[in-house]
S.K.: 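What follows is a single structure, and I will ask about it in a moment.
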Amino acid sequence: MNILIINGPNLNLLGVREPGIYGSSSFEQYLPELQKRYPDIHIEYYQSNVEGELINKMQQVGFSYDGIVLNAGAYTHTSIALGDCIRSLKTPVIEVHISNVHQREEYRHHSMISAACRGVICGFGLDSYRLAVESFVK
């Protein structure tokens with residue numbers, strides 16, 4: 001099984017950026033734990049601050065991988081292009097968020113990509129990624 005985890009803008013700053021919201025661990029610190037938990041699954045990671053690069057990466061694997069876990073960051077709330085891309089893929093996509101976006105600013109309550117995704121997981125910190133991977137395992 002091949003799963004790609006994609007993080008969007010500013011998520012390269014996890015562990016530094018607003019630790020009260022996003023925690024004090026970087027994704028690079030968390031990823032080995034996730035890979036160790038699922039040794040029979042190839043879990044690949046990609047991060048970009050650029051919307052087009054996220055689309056390019058999803059199109060690259062979106063017809064051969066078993067799942068994509070996407071934290072689109074702020075693009076979640078603005079990107080019609082990401083939603084269109086997800087709809088064009090064969091590979092299912094799970095939308096994830098570290099924080100509970102519904103407890104935050106009003107503009108974060110609406111997602112432009114949720115309707116295109118298999119499901120949405122938010123509010124469980126970095127464990128949101130594990131829950132998404134688990135959804136593909138089951």
Side-chain angles (χ1 to χ4, degrees):
M1 179 175 274
N2 293 304
I3 295 176
L4 174 63
I5 297 173
I6 299 177
N7 275 341
N10 300 309
L11 293 167
N12 57 309
L13 298 177
L14 288 175
V16 177
R17 174 188 177 207
E18 300 178 88
I21 295 173
Y22 299 105
S24 57
S25 293
S26 71
F27 195 82
E28 289 78 6
Q29 292 170 314
Y30 175 73
L31 183 59
E33 296 175 31
L34 193 59
Q35 291 168 325
K36 185 177 176 181
R37 185 177 186 119
Y38 300 99
D40 297 331
I41 299 173
H42 174 251
I43 300 174
E44 185 180 334
Y45 174 60
Y46 180 79
Q47 189 278 328
S48 178
N49 293 317
V50 180
E51 182 180 30
E53 291 178 5
L54 299 174
I55 291 168
N56 287 341
K57 189 64 172 180
M58 284 195 293
Q59 288 178 354
Q60 179 185 2
V61 304
F63 298 92
S64 59
Y65 275 44
D66 300 293
I68 296 172
V69 176
L70 174 62
N71 185 340
Y75 289 137
T76 300
H77 317 292
T78 63
S79 181
I80 294 168
L82 283 174
D84 287 347
C85 175
I86 293 165
R87 284 182 184 87
S88 72
L89 304 177
K90 177 183 155 202
T91 301
V93 177
I94 303 291
E95 175 186 347
V96 301
H97 300 282
I98 294 167
S99 66
N100 182 345
V101 293
H102 303 288
Q103 291 179 336
R104 298 185 62 197
E105 302 92 342
E106 182 69 30
Y107 67 87
R108 295 187 194 273
H109 297 183
H110 181 72
S111 170
M112 300 298 286
I113 64 173
S114 291
C117 292
R118 174 187 277 178
V120 179
I121 299 169
C122 70
F124 294 96
L126 290 176
D127 206 34
S128 294
Y129 295 92
R130 181 194 59 81
L131 294 169
V133 169
E134 189 70 26
S135 76
F136 292 121
V137 172
K138 303 236 176 210

S.K.: Quick check: are there more than 12 heavy atoms from other residues, nucleotides or ligands sitting under 6.0 Å from CZ of Phe124?
M.R.: no
S.K.: Just jot down the salt bridge (charged side-chain N to carboxylate O under 4.0 Å, His left out) partners of Glu44, sequence neighbours excluded, or say none.
M.R.: Lys57
S.K.: Please report the interatomic distance OG(Ser79) to CD1(Ile55), rounded to the nearest 0.5 Å.
M.R.: 5.5 Å
S.K.: Regarding Glu95 and Ser111, do their side chains bring together a donor and an acceptor under 3.5 Å, going by distance alone?
M.R.: yes
S.K.: Would a 4.5 Å heavy-atom cut-off, applied to side chains only, mark Phe63 and Thr91 as touching?
M.R.: no
S.K.: Check for me, please, whether Leu34 and Leu126 land in the same ILVMFWY cluster - side-chain distances under 4.5 Å, paths through other members count.
M.R.: yes
S.K.: Using the test side chain to side chain donor-acceptor pair (under 3.5 Å), find all partners of Asn71 that sit at least two apart in sequence or belong to another chain.
M.R.: Tyr129
S.K.: Could you pull out the closest heavy-atom pair between Leu89 and Gly62, with the gap in Å?
M.R.: CB-O, 3.6 Å
S.K.: Give me the atom names and distance for the closest heavy-atom approach of Pro32 to Glu28.
M.R.: CD-O, 3.1 Å
S.K.: Is there a path of hydrophobic side-chain contacts, each under 4.5 Å between heavy atoms, that joins Leu31 and Val61?
M.R.: no
S.K.: For the CG atom of Leu11 and the OG atom of Ser26, what is their distance to the nearest 0.5 Å?
M.R.: 11.5 Å
S.K.: Does Ile41 belong to the same Ile/Leu/Val/Met/Phe/Trp/Tyr cluster as Val93, with side-chain heavy atoms less than 4.5 Å apart forming each link?
M.R.: no
S.K.: Indicate the atoms forming the closest heavy-atom contact of Cys122 with Ser99, along with that distance.
M.R.: CB-O, 3.6 Å
S.K.: Heavy atoms only: give me the nearest Leu54-Ile6 pair and the separation to one decimal.
M.R.: CD2-CG2, 3.5 Å
S.K.: To the nearest 0.5 Å, tell me how far Tyr65 OH sits from Met58 CE.
M.R.: 14.0 Å
S.K.: Roughly how far apart are Ser25 OG and Glu33 CD, rounded to 0.5 Å?
M.R.: 7.0 Å
S.K.: For Asp66, which residues count as a side chain to side chain donor-acceptor pair (under 3.5 Å) partner, sequence neighbours excluded?
M.R.: none
S.K.: Check whether Arg87 reaches the backbone of Gly83 with its side chain - one donor and one acceptor, N or O, closer than 3.5 Å.
M.R.: yes
S.K.: In the single-linkage hydrophobic clustering (I, L, V, M, F, W, Y; side-chain heavy atoms under 4.5 Å), do Leu82 and Tyr46 co-cluster?
M.R.: yes
S.K.: Kindly indicate, with the supporting measurements, whether the criterion side chain to side chain contact (heavy atoms under 4.5 Å, CB included) is fulfilled by Cys117 and Ile86.
M.R.: CA-CA 7 Å; Cys117 292; Ile86 293 165; 4.0 Å; yes
S.K.: What pairs of donor and acceptor atoms, side-chain ones from residues 131-138 against any protein atom, are under 3.5 angstrom apart with sequence neighbours left out?
M.R.:
residue, atom, partner, partner atom, Å
Glu134, OE1, Tyr38, OH, 2.4
Ser135, OG, Ala132, O, 2.5

S.K.: Kindly work out whether a path of hydrophobic side-chain contacts (I/L/V/M/F/W/Y, heavy atoms less than 4.5 Å apart) joins Ile3 to Ile98.
M.R.: yes
S.K.: Using 0.5 Å steps for rounding, measure from the CD atom of Glu51 to the OG1 atom of Thr78.
M.R.: 6.0 Å
S.K.: May I have all residue pairs that pass side-chain hydrogen bond (donor to acceptor under 3.5 Å, both in side chains) and include part of residues 116-128, sequence neighbours excluded?
M.R.: Asp127-Arg130
S.K.: Using the rule side-chain contact (heavy atoms from CB on, under 4.5 Å), only one of Ile113, Val96, Ile5, Ile94 pairs with Leu70; which is it?
M.R.: Ile113
S.K.: Atom CE in Met1, atom CG in Asp40: separation rounded to 0.5 Å?
M.R.: 10.5 Å
S.K.: With Tyr75, which residues qualify under ring pair (Phe, Tyr, Trp, His ring centres under 6.0 Å), at least two apart?
M.R.: none
S.K.: Would the distance check show the side chain of Gln59 and the main-chain N or O of Cys85 forming a donor-acceptor pair, the cut-off being under 3.5 Å?
M.R.: no
